[in-house]
Amino acid sequence: MTGLTELEDTVSALRDAEMLICNPVRWDDRLLEALEPGDWVQVTSAGYDAYPVDAFRDRGIKFSNAAGIHDSVVAEHAFALALSFTRNIPEFSQRRYERTWGPRSELSLELGDWKNKTLTVYGVGNIGESIARRGLAFEMDVYGIKRNPDDYDGCLPDGHVLPADDLRSVLPKTDLLAVIVPLTAETRGSIDAAAFEALPDSAVLVNVARGPVVDQDALVDALRDDSIAGAGLDVFETEPLPEESPLWGREDVLITPHVGGRSDTFPDRFGDLFLENYDRLRADEPLVNQVV
């Protein structure tokens, strides 16, 4: 936020500032008391469910997110998780410590590929579009779920972008379900027991959106019942993931600590966005990704 660790110090410093850069993990609603009309809050994430957007609007506070700067990084992370399943990377990683080479003949039956498989991207925004493009590069049959399919202008062909109400219709033929939809009242818990039941038992779920989009209890049940083949998870209902979570220790689950958007190129990408918005703010022009 400001480099200060204590909330009280941050609030005090913010009273004399006109802008705040904030990570969603560090946001606290008590910061609102130090913000005044005309102030600007620039966040480092594309998602902004952690922020009181209505309060910003009511108080005349400008608010912008970082949509667009995480696209390729999150898409690569999604496929890193997906490819770890088909290419059995976790087992091979373990074998290096055991100095075990094969047997290759048995391993060949455990390996797979994504070519000619069906990818469903739940949420075709900027990041979802980037995931879809990579799916096409892997020669997958790609479908996208979007709130307003009529507004879509991207890489997917006609008939492959469906409204949210049609998600369940495409799940039975989905081999890889990539979740990247924003967390809203409508999407919270939308990947539930019925969704897992609709998926083939060979399907893999990858969630790089927000944890609560997936009903975590239903996910655990689906994994235990072999209703799906596996889950690559970067986000969770509670973060950090509690030690007692049944998701830990499962061979059919890959866990990364909400790092899908992290990269050594982030400072440059975010810096470019911030500086452009700073210039726009001084010129009294609309900000890039201005939500409020």
Side-chain angles (χ1 to χ4, degrees), residues 1-3 20-28 41-51 53 63-85 89 119-135 137-138 142 144-146 154-155 176-184 187-188 190-191 204-214 216 231-241 247 253-277 287-291:
M1 292 191 289
T2 63
L20 169 68
I21 299 174
C22 188
N23 180 287
V25 175
R26 301 294 297 166
W27 174 260
D28 189 297
V41 177
Q42 169 70 61
V43 300
T44 60
S45 60
Y48 49 88
D49 51 276
Y51 299 95
V53 176
F63 177 73
S64 55
N65 69 352
I69 72 168
H70 302 287
D71 302 356
S72 62
V73 178
V74 178
E76 288 185 20
H77 195 84
F79 268 97
L81 293 170
L83 289 165
S84 293
F85 281 103
I89 300 302
L119 163 65
T120 296
V121 182
Y122 181 30
V124 192
N126 292 330
I127 298 175
E129 177 72 8
S130 192
I131 293 175
R133 289 184 181 278
R134 283 159 177 75
F138 279 108
V142 183
I145 304 298
K146 187 175 178 61
C155 66
L176 174 60
L177 175 61
V179 178
I180 190 57
V181 73
L183 178 62
T184 65
T187 63
R188 182 181 293 272
S190 55
I191 304 301
V204 169
L205 165 76
V206 168
N207 187 6
V208 287
R210 288 291 184 266
V213 173
V214 175
Q216 200 159 285
L233 308 172
D234 187 52
V235 289
F236 305 88
E237 289 182 352
T238 300
E239 296 181 7
L241 184 65
L247 292 171
V253 175
L254 295 174
I255 293 172
T256 56
H258 203 153
V259 294
R262 301 298 178 92
S263 167
D264 57 0
T265 62
F266 173 78
D268 289 337
R269 289 182 281 116
F270 182 78
D272 289 343
L273 173 65
F274 175 78
L275 290 174
E276 180 173 355
N277 270 345
L287 304 176
V288 177
N289 301 328
Q290 184 164 344
V291 179

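The structure presented is a predicted model; accordingly, all values stated were derived computationally and were not measured.
- Here the CD1 atom belonging to Ile127 is positioned 4.0 Å from the CD1 atom belonging to Ile180, to the nearest 0.5 angstrom.
- Inter-residue side-chain proximity for Leu205 and Val214 is flagged as met; some heavy-atom pair is nearer than 4.5 Å.
- Of all heavy-atom pairs between Val288 and Leu273, the closest is CG1-CD1, 3.8 Å.
- Ring pair Tyr51/Phe63 is tilted by interplanar angle, where 30° to 60° counts as tilted.
- Counting heavy atoms from C-beta on, the side chains of Phe266 and Val73 never come closer than 4.5 Å.
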Next item on the list: Before giving the answer on side-chain contact (heavy atoms from CB on, under 4.5 Å), spell out for Val181 and Ile145 the whole-Å C-alpha distance, their side-chain angles and the decisive distance to 0.1 Å.
Entry: CA-CA 9 Å; Val181 73; Ile145 304 298; over 6 Å; no

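- Within 6.0 Å of atom CZ in Arg262, 12 or fewer heavy atoms from other residues, nucleotides or ligands are found, so the atom counts as exposed in its surroundings.
- Not a single donor-acceptor pair under 3.5 Å links the side chain of Asn277 to the backbone N or O of Leu287.
- Inter-residue side-chain proximity for Phe85 and Leu176 is flagged as unmet; no heavy-atom pair is nearer than 4.5 Å.
- Between the side chain of Thr187 and the backbone N or O of Pro182, at least one donor-acceptor pair lies under 3.5 Å.
- Here Lys146 contributes atom NZ and Glu129 contributes atom CD; the two are 9.0 Å apart, rounded to the nearest 0.5 Å.
- The closest side-chain heavy-atom distance from Phe79 to Ile131 is below 4.5 Å.
- Using a 4.5 Å heavy-atom threshold, the side chains of Leu233 and Gln216 count as separate.
- Residue Leu177 holds its CG atom at 9.0 Å from OH of Tyr122, rounded to the nearest 0.5 Å.
- When side chains are defined from C-beta on, Leu83 counts as touching Phe138, because their heavy atoms get closer than 4.5 Å.
- Asp234 and Thr256 form a side-chain donor-acceptor contact under 3.5 Å, judged by distance and modelled atom types alone.
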Margin query: With side-chain contact (heavy atoms from CB on, under 4.5 Å) as the criterion, how do Ser45 and Asn23 come out once you've worked through the C-alpha distance, each side chain's angles and the decisive distance to 0.1 Å?
Written below: CA-CA 7 Å; Ser45 60; Asn23 180 287; over 6 Å; no

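- Of all heavy-atom pairs spanning Ser72 and Arg134, the tightest one is CB-NH2, 3.5 Å.
- Here the closest heavy-atom approach between residue Ala178 and residue Leu119 is recorded as CB-CD1, 4.1 Å.
- A side-chain donor-acceptor contact under 3.5 Å links Asn289 to the backbone of Ala67.
- Using a 4.5 Å cut-off on side-chain heavy atoms (C-beta onward), Val142 and Val121 make contact.
- With no hydrogens or angles considered, no side-chain donor-acceptor pair links Ser64 and Gln290 at under 3.5 Å.
- One finds the NE2 atom of His70 at 12.5 Å from the OG atom of Ser130 (value rounded to the nearest 0.5 Å).
- Note that CD1 of Ile69 and OG1 of Thr265 are 9.0 Å apart. Values are rounded to the nearest 0.5 Å.
- With rounding to the nearest 0.5 angstrom, the CG atom of Asp264 is 8.5 Å from the CZ atom of Arg269.
- The backbone N or O of Phe274 lies less than 3.5 Å from no partner atom in the side chain of Gln42, so there is not a single donor-acceptor pair.
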